[in-house]
Amino acid sequence: MTPDSQNPAIALEGLSYAFGAGETAKQVLFDISLSLAPGEFAIMTGPSGSGKTTLLSLVGALRRPQSGKLNCIGHDLHGLEGAELEGYRQQLGFIFQLHNLFPALTAFQSVQMATDLHPEPGAEANDRIRALLTRLGLGERMDYRPHQLSGGQRQRVAIARALVHRPALVLADEPTAALDSENTQIVLQLLADLAHERGTTVLMVTQDSRVFESADRLINLVDGRLDSDVRRTD
Amino acid sequence: MSGIRRAVRFSFRLLLHERSRLVASIGGVTFALLLMLLQIGFRNALLDSALQLLRQVDADILVINKEKDPFLARNNMHKERLYQALSVQGVETASPLWIALLQWKNLDKETLHPIRVIGFRPDMPTFLIDAVREDAPKLKRIGTALLDARSRDSYGDLPDGIAQINRREIEIVGSFPLGTDFEVDGSLLVSDETFFELTRQSPKWIEIALLKLVPGTEPGPVLEELARILPGDVRAFTKAQLIDRDLAYWRTGTPISVILLVGVALGFAVGVVICYQILYTEVLDHLAEFATLKAMGYGDRYIQWVVISESVLLSVLGFVPSIVLGSAMLSLLGWSSGLPAGLTLADGANVGALALSMCTLAGLLALRKVRSLEPAELF
Ligand SMILES: Nc1ncnc2c1ncn2[C@@H]1O[C@H](COP(=O)(O)OP(=O)(O)OP(=O)(O)O)[C@@H](O)[C@H]1O
Ligand SMILES: [Mg+2]
């Protein structure tokens with residue numbers, strides 16, 4: 001399966017983005033062209049402020065694109081609105097820099113918020129939640145609320161919430177920043193399995209050079225421009 | 001499970017999570033509802049007490065001074081009207097009623113208190129109250145009276161059964177249940193002769209004429225005939241008509257009932273503000289989390305259901321204690337004042353509906369914040 005043999009999962013062409021308007025406008029992304037194939041696991045790096053999070057939020061349809069082409073898993077993100085926008089977001093798994101868990105919800109209930117969006121008969125969803133939390137080392141803590149969990153455990157709950165519904169595209173913003181090396185490996189393995197076994201496209205931002213070897217692609221962003229795009233071959 | 005049911009489940013989890021905050025919230029909603037319930041209870045007391053005398057007279061048709069509005073206002077008429085009314089076909093009896101406001105002296109404290117003295121003919125059908133029908137013959141002896149058993153304590157005790165009214169001594173020979181109102185602390189029933197003795201009023205002037213019809217007579221034609229033969233200074237009504245007219249008067253025509261309505265509106269406004277504060281803080285404190293939900297693909301509709309469901313839950317949780325507290329406080333008031341202060345099932349339903357709309361309105365206001373929420377605010 002070569003990236004060019006079928007429709008790309010992410011296709012950016014000449015993408016630019018600026019915060020603000022007029023005199024005070026500050027351009028943070030410049031003419032970025034990039035294409036990820038289904039099942040590719042790409043890691044994006046770059047110095048702080050280079051625009052990585054901004055790029056992820058554009059791909060995740062959390063911001064409106066301004067100029068350039070932006071097509072993801074069959075959707076043109078220009079002018080995406082209402083039910084179509086919600087439907088697109090539901091097919092994504094977004095892991096944020098901040099975990100943003102509701103204090104009122106247990107780990108299980110937080111992850112359930114994701115499966116609730118994809119109703120399926122029977123208890124299959126709940127089984128999947130338990131299996132995933134267990135794989136992430138939270139089997140004993142499914143009924144704990146965020147205040148009873150460590151930072152790393154909360155981060156893993158948020159990761160489970162982003163992955164449990166088997167999204168077509170995973171966008172992860174420094175998902176392993178709060179994790180120790182053992183849990184980092186577990187999460188990376190999880191993402192790699194999703195990409196290689198289920199054909200999930202993964203775009204992950206990280207500064208952690210220890211994890212580069214898991215990726216098929218290494219993309220480097222500097223000052224809002226694509227600096228390098230290396231396909232790794234084992 | 002449908003989307004709405006999931007939203008409801010989620011809202012319960014949110015609301016029930018912080019117990020101390022929940023208790024404070026329920027307290028606030030209860031307080032606002034209690035305000036409304038008490039105003040409604042007072043209003044009921046006003047309506048019921050103002051109408052209790054009219055409800056207890058034994059009459060199919062009443063002839064009164066045309067200026068007399070409400071029923072408890074004092075406008076008398078010439079006694080001649082009684083006989084004119086009696087001459088109409090279908091009228092079986094016509095009983096006069098005299099009413100005066102006098103001063104009752106509390107013999108312990110030497111203080112004066114207003115009392116409504118009602119004169120009637122003991123041998124004529126006048127009241128529907130059993131105790132009065134039984135004891136009426138006792139009143140034929142001049143200087144005797146029946147005292148309202150629900151009179152306020154302000155009248156004091158009567159160790160030897162002799163009361164002082166307008167400096168005259170009156171022997172209390174029995175009692176009957178009526179109740180106080182906003183004008184007097186109680187009522188006294190006396191015979192016509194005792195009434196003239198006490199008040200020095202002329203027998204030529206009566207307050208009300210109570211007509212009983214021959215059984216089976218339709219009131220309509222009798223009313224028409226009365227209107228035709230009676231001079232323009234009086235008017236005839238069926239008892240039901242007068243009750244309706246009085247209800248309308250007390251409901252809308254009086255400053256006090258308007259004040260009580262304003263009280264209900266105020267309680268509602270207080271409730272909306274309290275509910276809004278609760279729901280708005282709830283949303284504001286979890287702005288990033290709600291934004292995350294939107295990033296996950298949850299729509300505004302879902303978050304609306306969550307907040308609306310929280311408001312409904314709040315209104316229900318506040319409603320129950322407010323009804324319990326409100327009924328208890330009103331019966332305490334009724335017991336201590338003699339006013340018939342209470343709540344009907346319809347009042348409960350009305351306040352329930354008010355609670356629901358109060359919280360929903362607050363929820364809708366709080367939602368304006370969510371609608372402007374952009375998931376990009378997460379960064
Ligand atoms: N909401 C915003 N309004 C204005 N400028 C912004 C906004 N968000 C980000 N920026 C600016 O855009 C640039 C890129 O920010 P971005 O968050 O995408 O960088 P990043 O590569 O994710 O950095 P980091 O590694 O520190 O997370 C930065 O200069 C930042 O100051
Ligand atoms: Mg960033």
Side-chain angles (χ1 to χ4, degrees), chain A residues 17 19 28 51-58 60-64 81-106 108-122 125-126 145-147 158 161-162 164-165 167 171 173, chain B residues 1-25 278-279 281-307 309-311 313-314 317 370-379:
Chain A
Y17 193 84
F19 285 105
V28 296
K52 305 180 296 291
T53 298
T54 308
L55 184 62
L56 276 195
S57 66
L58 282 165
L62 308 184
R63 289 185 196 287
R64 286 164 194 284
E81 294 276 4
E84 208 195 331
L85 174 62
E86 286 162 24
Y88 171 68
R89 285 174 177 169
Q90 288 172 15
Q91 294 175 53
L92 306 188
F94 212 129
I95 306 169
F96 302 93
Q97 265 173 315
L98 297 169
H99 42 76
N100 293 325
L101 301 174
F102 275 95
L105 300 186
T106 64
F108 183 89
Q109 291 167 346
S110 278
V111 180
Q112 201 177 31
M113 292 306 289
T115 53
D116 273 358
L117 279 167
H118 306 269
E120 53 194 316
N126 290 355
R145 295 202 161 74
H147 70 96
R161 180 178 61 184
V164 70
H165 56 290
L171 303 170
D173 203 347
Chain B
M1 201 161 40
S2 76
I4 293 175
R5 271 182 55 196
R6 281 193 298 269
V8 169
R9 186 186 65 187
F10 179 47
S11 76
F12 277 41
R13 287 174 178 170
L14 285 184
L15 204 58
L16 301 180
H17 171 55
E18 281 175 82
R19 291 294 152 84
S20 54
R21 189 180 197 165
L22 178 67
V23 169
S25 308
I278 295 164
L279 295 170
T281 327
E282 172 78 40
V283 170
L284 209 61
D285 285 356
H286 302 125
L287 220 47
E289 291 91 324
F290 277 113
T292 307
L293 290 188
K294 282 179 97 162
M296 289 166 67
Y298 278 99
D300 285 332
R301 174 86 33 98
Y302 176 86
I303 296 172
Q304 277 166 28
W305 276 113
V306 171
V307 176
S309 153
E310 281 188 285
S311 27
L313 184 62
L314 260 185
L317 291 179
V370 182
R371 236 172 262 136
S372 60
L373 200 63
E374 280 296 328
E377 281 179 32
L378 284 169
F379 308 107

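For the numbers below, each heavy atom of this structure counts, side chains included, while hydrogens, waters and symmetry mates do not. Sequence lines set the chain letters: A, B, ... in the order given, protein chains first and strands last, and positions in each chain run from 1.
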Engineer: If you draw a 6.0 Å radius around CZ in A:R145, do more than 12 non-hydrogen atoms from other residues or ligands fall strictly inside?
Structural biologist: yes
Engineer: Would you say the side chain of B:E289 lies within less than 4.5 Å of the side chain of A:L105, judging by non-hydrogen atoms?
Structural biologist: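 Of all side-chain heavy-atom pairs linking B:E289 with A:L105, none is under 4.5 Å.
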Engineer: Any idea which of A:A61, A:A114, A:G60, A:P103 has the most non-hydrogen atom pairs under 4.5 angstrom with chain B?
Structural biologist: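 If we count pairs closer than 4.5 Å to chain B, A:P103 comes out on top.
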Engineer: Can you measure from CD (A:E86) to CG (B:D300) and round to the nearest 0.5 angstrom?
Structural biologist: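 A:E86 atom CD to B:D300 atom CG measures 7.0 Å (nearest 0.5 Å).
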Engineer: In terms of heavy-atom pairs under 4.5 Å with chain A, which of B:R301, B:H286, B:M296, B:K294 leads?
Structural biologist: B:M296
Engineer: If I measure from the heavy atoms of chain B, does A:L85 come under 4.5 Å with its side chain, its backbone, both, or neither?
Structural biologist: neither
Engineer: Applying a criterion of heavy atom separation less than 4.5 Å, what residues of residues 10-20 of chain B form contacts with chain A?
Structural biologist: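 The stretch touches chain A at B:F10, B:R13, B:L14, B:H17.
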Engineer: Should B:T292 and A:R161 count as side-chain neighbours, where that means a heavy-atom distance under 4.5 Å?
Structural biologist: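 Yes, close enough: below the 4.5 Å cut-off.
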Engineer: Using non-hydrogen atoms and a 4.5 Å limit, figure out which bit of A:Q91 sits close to chain B: side chain, backbone, both or neither.
Structural biologist: neither
